[in-house]
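So the structure is just underneath, and the comments pick up after that.
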Amino acid sequence: VAIKAAGAKLVTVYDVAESAAAEVASQYGAVAAASLDEAIGHPEVEGVVIATSTPTHVELTLRVVDAGKMALCEKPLAPTYAECVHCIEQLGDRVGKVFLAFNRRFDPGHRGVWDRIAEGQIGAIEQLTITCRDPHPPPLDYIPVSGGLFRDMMIHDLDMVRWFLAEEPVLLYAQGGCIIDPEIGRLGDIDSAMVTMRTASNRLAVIVNSRRAAFGFDQRVEAFGSEGMLISDNLPATGIKRFGGVGQSMALDRWRTFYLERYGDSYRNEIEAFVTCVEQSRDAPVTARDGLFASYLAEAATYSYANNVPVALNDRAEIDWT
Ligand SMILES: NC(=O)c1ccc[n+]([C@@H]2O[C@H](COP(=O)([O-])OP(=O)(O)OC[C@H]3O[C@@H](n4cnc5c(N)ncnc54)[C@H](O)[C@@H]3O)[C@@H](O)[C@H]2O)c1
């Protein structure tokens with residue numbers, strides 16, 4: 001639907017699960033390809049959306065770019081930082097041909113805050129607070145294959161810190177633990193985390209993540225600057241509020257339930273931006289290199305949490321990534 005809305009056409013669909021590809025293809029008038037080469041190699045195909053399981057991203061992305069086409073790769077670029085480095089090395093000067101799907105950069109609220117910071121509406125940005133809480137934890141069988149909270153969930157927020165501050169963090173400290181479901185801990189992950197970061201010019205960022213929020217999907221960005229503050233807030237499903245005799249109001253609906261509803265506009269805007277890049281043969285506004293840097297921060301957060309130490313990000317040699 002988003003591809004059509006962007007003025008493009010879904011030509012082929014490929015999935016290792018043949019029935020899944022056939023279902024999507026028949027629903028949208030596309031061809032269910034029998035192989036990846038057939039899907040990518042179709043003469044009408046100019047851009048390829050890769051929304052497969054994370055461990056397949058690097059191989060598929062390289063095959064698309066090697067075929068001379070542009071890729072929109074779901075986040076994260078790869079399960080580990082080392083695999084991201086390999087991908088960047090293979091891409092060489094073609095990193096801009098990979099549009100990394102950090103969709104939150106295309107959310108009207110978050111993007112609106114970013115635009116206003118760029119216009120100077122809050123002066124110089126000094127502090128950034130990003131809150132990302134899921135309504136409920138994922139199924140337990142997802143935990144061992146997720147790569148962990150920092151690489152799977154926080155990766156969006158780590159990217160947004162770089163995007164909003166327009167400066168690389170130089171110091172990172174992660175804290176976290178299992179407070180929601182001890183089974184997540186037994187499976188080797190955490191369900192709650194906070195990360196603080198500092199840039200060379202002493203701008204500060206805090207990321208707050210939880211795998212559960214009793215009141216719904218909690219997605220907020222607060223940018224504090226020398227001349228004011230901007231907030232991208234949660235979005236209600238309907239906006240209905242009740243007012244009583246004491247003059248208070250109570251929201252009567254929950255926030256948009258989860259990412260497909262909350263970030264629906266961002267996915268549509270992202271696809272539109274991708275189609276524009278393909279049509280105009282332009283490099284992506286958010287590339288594989290952004291995927292590499294976000295993955296670097298996720299790896300640093302994982303290390304910081306596991307070893308209970310702050311990590312100096314300008315001295316990668318100190319960190320044993322293995
Ligand atoms: N941006 C976001 O908000 C957001 C939200 C959810 C998931 N994601 C990302 O999207 C990706 C997909 O997530 P998911 O939960 O649907 O994953 P998934 O593991 O359920 O896989 C999705 C599909 O990929 C197919 N697939 C697996 N390997 C393949 C291969 N080699 N070739 C072709 N098809 C293959 C599977 O059969 C399945 O139909 C993940 O990388 C995830 O991190 C992003």
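One-based numbering, in listed order, for ligands and for the atoms of each. On a predicted model such as this, the values are computed, not experimentally measured, just so you know. Just so it is clear, the values below take in all heavy atoms, side chains as well, and ignore hydrogens, waters and symmetry mates. All residue numbers in this chain count up from 1 along the given sequence.
- With H57 contributing its side chain and E74 its backbone, the two residues share a donor-acceptor pair below 3.5 Å.
- When only non-hydrogen protein atoms are considered, atom 18 (P) of ligand 1 lies nearest to S53 OG, 3.7 Å.
- When heavy-atom distances to ligand 1 are checked against a 4.0 Å cut-off, T54 comes that close through both its backbone and its side chain.
- With salt bridges taken as basic N to acidic carboxylate O contacts below 4.0 Å, one links D283 and K97.
- When only non-hydrogen protein atoms are considered, atom 28 (N) of ligand 1 lies nearest to T56 CG2, 3.6 Å.
- Distance from atom 43 (O) of ligand 1 to its nearest protein heavy atom, with residue and atom name: K75 O, 2.9 Å.
- For H110, the ring pair (Phe, Tyr, Trp, His ring centres under 6.0 Å) test picks out Y263, with sequence neighbours left out.
- Ligand 1 places these atoms under 4.0 Å from at least one heavy atom of Y14: 32 (N), 33 (C).
- Residue, atom and distance of the protein heavy atom nearest to atom 3 (O) of ligand 1 are Y267 OH, 2.6 Å.
- There is no protein heavy atom less than 4.0 angstrom from atom 13 (O) of ligand 1.
- In this structure, P76 has a heavy atom closer than 4.0 Å to ligand 1.
- Atom 30 (C) of ligand 1 has V16 CG1, 3.7 Å as its closest protein atom, hydrogens excluded (heavy atom only).
- Between K69 and V278 the shortest side-chain heavy-atom distance does not fall below 4.5 Å.
- An N or O contact shorter than 3.5 Å is missing between Y142 and ligand 1 by distance.
- Taking a distance limit of 4.0 Å, we find that atom 20 (O) of ligand 1 is approached by no protein heavy atom.
- A salt bridge links R105 to D290: at least one charged side-chain nitrogen sits closer than 4.0 Å to a carboxylate oxygen.
- Counting heavy atoms from C-beta on, the side chains of D152 and P76 never come closer than 4.5 Å.
- Under a 4.0 Å heavy-atom criterion, A20 is not in contact with ligand 1.
- Residues I40 and V65 do not share a hydrophobic cluster, clusters being chains of Ile/Leu/Val/Met/Phe/Trp/Tyr side chains in contact below 4.5 Å.
- Among protein heavy atoms, atom 8 (N) of ligand 1 sits closest to E74 OE1, 3.9 Å.
- Looking at atom 36 (C) of ligand 1, its nearest protein heavy atom turns out to be D15 OD1, 3.4 Å.
- In summary, R63 and E59 engage in a salt bridge, as defined by a charged side-chain N under 4.0 Å from a carboxylate O.
- Listed by number with element, the atoms of ligand 1 under 4.0 Å from a non-hydrogen atom of Y259 are 5 (C), 6 (C).
- Ion pairing between D107 and R104 fails under the 4.0 Å rule for side-chain N and carboxylate O.
- A salt bridge does not link R116 with E119: none of the charged nitrogens is closer than 4.0 Å to a carboxylate oxygen.
- A donor-acceptor pair is defined here as one N or O able to donate and one able to accept, closer than 3.5 Å; no such pair exists between the side chain of R289 and the backbone of V95.
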Carefully, step by step, assess K75 and D159 under the rule salt bridge (Lys or Arg N to Asp or Glu O under 4.0 Å). CA-CA 10 Å; K75 65 80 203 156; D159 174 64; over 6 Å; no

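- In this structure, the protein non-hydrogen atom closest to atom 16 (O) of ligand 1 is A51 O, 4.5 Å.
- At under 3.5 Å, not a single nitrogen or oxygen of D152, backbone or side chain, sits near a nitrogen or oxygen of ligand 1.
- Ligand 1 has H156 within reach: a non-hydrogen atom of the residue lies less than 4.0 Å from it.
- At a 4.0 Å heavy-atom cut-off, ligand 1 touches H57 through the side chain alone.
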